[in-house]
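What follows is a short report on a single structure.
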Amino acid sequence: NGFDDQFYMPLQIGTPPTDIVVILDTGSELLWIQCQPCLRCGKQVVDPIYDPNLSSSFRNISCTSDLCGQGTAAGFTTGCSTSLDTCNYTVTYGDQSMSQGDLSFETLTFQSTDRKYMVPKDISFGCGHNNTGIESNLGASGLM
């Protein structure tokens, strides 16, 4: 059923940090997290669903950014919401699971094996507002 074959990783996203748990996927080119407002999101083992409006470090990626045009080469599609100047993405997996939302920048917080915290800033990720399929039904906040 796939549920026991997943590797989960706790981390934090945003400023102030929100706890999330992601599935590690070595075959995926895009880190995506379920985001508010959520049209379709799966149940998470950690609540609440990340709300970018509550983070001072969140930024959408602009339509004119070079990152907006790189999605197809990386295995997902990108488009543009010109009225909002926001780069949109869609990623679909072999089992037809998918995530759609906005490409964005955010701060992540990881704890290393020596218990020190690493806080990379301006990490590009997909802020997923429409997430379906097995990835959204395994209790994770997203995929990394």
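These numbers were taken from a predicted model, which means no experiment stands behind them.
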Could you report the tightest heavy-atom contact between [X] and [Y], atom names first, then the distance?
{"X": "C35", "Y": "C41", "value": "O-SG, 4.4 Å"}
{"X": "S99", "Y": "G128", "value": "OG-CA, 3.9 Å"}
{"X": "L67", "Y": "S124", "value": "CD1-CB, 4.3 Å"}
{"X": "G126", "Y": "L103", "value": "CA-CD2, 4.3 Å"}

May I ask you to check if the distance between the SG atoms of C68 and C80 is under 2.5 Å?
no

Fellow cluster residues of L54, listed by chain then number, with links counted only when side-chain atoms sit under 4.5 Å apart:
none

My understanding is that only residues two or more places apart in sequence, or in another chain, count here; which of them pass side chain to side chain donor-acceptor pair (under 3.5 Å) with Q44?
Q34

Return the [atom1] to [atom2] distance between [X] and [Y], rounded to the nearest 0.5 Å.
{"X": "M9", "Y": "L143", "atom1": "CE", "atom2": "CG", "result": "12.5 Å"}
{"X": "F105", "Y": "C127", "atom1": "CZ", "atom2": "SG", "result": "13.5 Å"}
{"X": "M144", "Y": "F110", "atom1": "CE", "atom2": "CZ", "result": "3.5 Å"}
{"X": "W32", "Y": "N131", "atom1": "CH2", "atom2": "CG", "result": "4.5 Å"}
{"X": "F125", "Y": "Y50", "atom1": "CZ", "atom2": "OH", "result": "4.5 Å"}
{"X": "E106", "Y": "S56", "atom1": "CD", "atom2": "OG", "result": "8.0 Å"}

Hydrophobic cluster identity match, [X] and [Y], side-chain contacts under 4.5 Å:
{"X": "I49", "Y": "L39", "result": "no"}
{"X": "V119", "Y": "F58", "result": "no"}
{"X": "I33", "Y": "L24", "result": "yes"}
{"X": "F7", "Y": "V45", "result": "no"}

With sequence neighbours left out, what residues match R59 under salt bridge (Lys or Arg N to Asp or Glu O under 4.0 Å)?
D122

Show every donor-acceptor pair shorter than 3.5 Å between a side-chain atom in residues 10-23 and any protein atom, with sequence neighbours excluded, or say none if there are none.
unit_1, atom_1, unit_2, atom_2, d
Q12, NE2, D19, OD1, 2.9
T15, OG1, S57, OG, 2.8

Could I get the full list of side-chain contact (heavy atoms from CB on, under 4.5 Å) partners for D102, not counting sequence neighbours?
N60, T86, N88, S104, H129

Under 3.5 Å, is there a donor-acceptor pair between the N130 and Q100 side chains?
yes

For residues 6-17, the salt bridge (Lys or Arg N to Asp or Glu O under 4.0 Å) pairs (sequence neighbours left out) are none

